[in-house]
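Working notes for the structure below.
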Amino acid sequence: MTTTPTAPFNRLLLTGAAGGLGKVLRETLRPYANVIRLSDIADIAPAIDDREEVVICDLSDKHAVHQLVEGVDAILHFGGVSVERPFEEILGANICGVFHIYEAARRHGVKRVIFASSNHVIGFYKQDEVIDARSPRRPDSYYGLSKSYGEDMASFYFDRYGIETVSIRIGSSFPEPQNRRMMSTWLSFGDLTQLIERALSAPNVGHTVVYGASDNKNVWWDNRYATSLGYQPQDSSEVFREKVEAQPMPAADDPAMVYQGGAFVASGPFGD
Ligand code: NAI
Ligand code: 15L
């Protein structure tokens with residue numbers, strides 16, 4: 001097997017590996033482990049070499065998740081429903097899913113999890129408010145509620161079993177900010193990778209909650225707890241300002257212009 005002798009981890013598990021961020025992290029996290037186990041419910045491109053393992057797994061299947069976690073040193077939990085959906089869809093993938101991940105971590109002795117939380121945990125704050133990661137949560141959706149539950153799950157498994165987690169409340173991680181709101185919430189892929197590296201390697205994190213944002217100009221989040229991990233973002237949404245501001249200006253009372261969570265605050269109800 002071709003190994004990376006200096007890799008800090010032998011085997012990392014990445015859930016959500018077929019998703020937008022999973023495909024990016026599959027490449028950028030290679031230096032940090034001898035082997036990355038890539039998992040998703042959807043099809044994943046085959047392993048490119050013996051430093052990748054591909055496992056199809058539904059996070060709502062407890063037994064399958066227990067098998068998935070065997071033999072890994074740390075977990076990057078990025079799998080699940082990533083937008084607002086009816087509660088029943090969120091329940092299996094995100095709520096049962098995060099429980100299955102932590103319970104499997106406990107049984108297999110995994111000591112560190114990186115949880116892909118979301119800004120939608122605090123989405124009902126307004127864009128003129130500045131908050132930090134310890135401000136009371138204000139979920140804006142069933143999706144945001146599921147991430148809030150995931151953060152509580154992380155807190156419980158640290159207090160009860162000593163499993164450490166960094167919950168990253170990712171803002172908007174795409175190649176470029178797509179609208180005015182994302183000028184504040186944008187997280188470049190490079191900065192996401194650096195933040196994950198810090199979250200994996202910083203000592204004694206307990207359960208630390210941080211925001212996943214680049215070094216943007218107009219920010220709503222005091223990200224001091226990420227700074228404490230050693231995170232130093234290298235990118236800024238500012239370079240996209242002209243392109244973004246060429247878009248039509250939404251109405252002043254459009255949720256996308258008012259709330260930190262943008263349009264998520266107005267999604268639903270479902271099934272009426
Ligand atoms: P994505 O939707 O592209 O990827 C999520 C992946 O999870 C998909 O490949 C999907 O097949 C998989 N998945 C869904 N249900 C599953 C199940 N029951 N079992 C196993 N896998 C399942 O989302 P993206 O953008 O890659 O985000 C990754 C993670 O980061 C998600 O947890 C999302 O909530 C979180 N996040 C992403 C943000 C972003 O800006 N991209 C912002 C905030 C949070
Ligand atoms: C999220 O949590 C979503 O997963 C992502 O698709 C974006 O909508 C992002 O938040 C955002 O708020 O821009």
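Small disclaimer: the values here were computed from a predicted structure and weren't measured. Order of listing sets the numbers, starting from 1, for every ligand and every atom in it.
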Cut-off 3.5 Å, side chains only: do [X] and [Y] have a donor facing an acceptor?
X	Y	result
Arg85	Asn94	no
Ser167	Ser117	no
Thr165	Tyr102	yes

Check your understanding: Should the proximity of Cys57 to ligand 1, defined as any heavy atom under 4.0 Å, be assigned to the side chain, the backbone, both, or neither?
Key ->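 The backbone, only.
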
To check your reading of the model: name the closest protein heavy atom to [atom], its residue, and the distance in Å.
atom	result
atom 8 (C) of ligand 1	Asp40 OD2, 3.5 Å
atom 29 (C) of ligand 1	Phe78 O, 3.1 Å
atom 19 (N) of ligand 1	Leu59 N, 2.9 Å
atom 4 (O) of ligand 1	Gly19 CA, 3.4 Å
atom 38 (C) of ligand 1	Ile170 CG2, 3.8 Å
atom 44 (C) of ligand 1	Ser117 O, 3.2 Å
atom 16 (C) of ligand 1	Ile41 CG2, 3.7 Å

Just which atoms of ligand 1 are under 4.0 Å from any heavy atom in [X]?
X	value
Gly79	7 (O)
Ala18	9 (O)
Ala93	15 (N), 18 (N)

Checking the N or O distance criterion of under 3.5 Å, is ligand 1 in contact with [X]?
X	answer
Gly20	yes
Leu21	yes
Ser82	yes
Gly80	yes

Point to revise | Ring-face cation contact, Tyr231 with Arg198, 6.0 Å cut, 45° max | key: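 Pair Arg198/Tyr231 does not count as cation-pi.
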
Review point. Crowded around Glu245 CD? As in, over 12 foreign heavy atoms under 6.0 Å?
Key: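 Check passes, neighbour count above 12.
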
Using a 4.5 Å cut-off on heavy atoms from C-beta on, say whether the side chain of [Y] contacts that of [X].
X	Y	result
Ile196	Phe78	yes
Val209	Arg134	no
Tyr142	Ile95	no

Which option out of [options] puts a heavy atom nearest to [atom]?
atom	options	value
atom 30 (O) of ligand 1	Ala116, Cys96, Gly16	Ala116
atom 18 (N) of ligand 1	Asp58, Thr15, Leu76	Asp58
atom 34 (O) of ligand 1	Phe189, Tyr143, Phe174	Tyr143
atom 42 (C) of ligand 1	Ser172, Gly171, Ser173	Gly171
atom 32 (O) of ligand 1	Lys147, Gln178, Glu89	Lys147

Review point. Which heavy-atom pair separates Leu195 from Ala226 by the least distance, and what is that distance?
Key: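 Heavy-atom minimum between the residues: CD1-CB, 4.3 Å.
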
Check your understanding: Pro31 and Pro8: which non-hydrogen atoms are nearest, and at how many Å?
Key ->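 That would be O-CD, 4.0 Å.
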
Practice item. Give the C-alpha distance, both sets of side-chain angles, the deciding distance and a yes or no for salt bridge (charged side-chain N to carboxylate O under 4.0 Å, His left out) between Glu70 and Arg107. Key: CA-CA 9 Å; Glu70 184 171 11; Arg107 287 175 60 172; over 6 Å; no

Check your understanding: Under 3.5 Å, side chain of Ser148 to main-chain N/O of Val121, donor-acceptor pair present?
Key ->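 Checking the backbone N and O of Val121 against the side chain of Ser148, no donor-acceptor pair under 3.5 Å is found.
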
**Study point:** Sequence-distant partners of Glu176, side-chain hydrogen bond (donor to acceptor under 3.5 Å, both in side chains), two or more places apart
**Key:**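 Here the qualifying residues are Lys243.
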
Point to revise | Close residues, ligand 2: non-hydrogen atom nearer than 4.0 Å | key: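 Those residues closer than 4.0 Å to ligand 2 by some heavy atom are Ser82, Ser118, Asn119, His120, Tyr143, Gly171, Ser172, Phe174, Arg181, Met182, Phe264.
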
Exercise for review: State which residue, out of Glu151, Lys147, His120, fulfils the side chain to side chain contact (heavy atoms under 4.5 Å, CB included) condition with Arg137.
Suggested key: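 With Arg137 as partner, side chain to side chain contact (heavy atoms under 4.5 Å, CB included) holds for just one option, Glu151.
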
Check your understanding: So, are Arg180 and Asp254 salt-bridged, with charged N and O less than 4.0 Å apart?
Key ->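 Result for this pair is no, no salt bridge flagged.
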
Point to revise | Pairing of Arg224 and Asp222 as salt bridge, 4.0 angstrom limit | key: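 Here Arg224 pairs with Asp222 in a salt bridge, since their nearest N and O are under 4.0 Å apart.
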
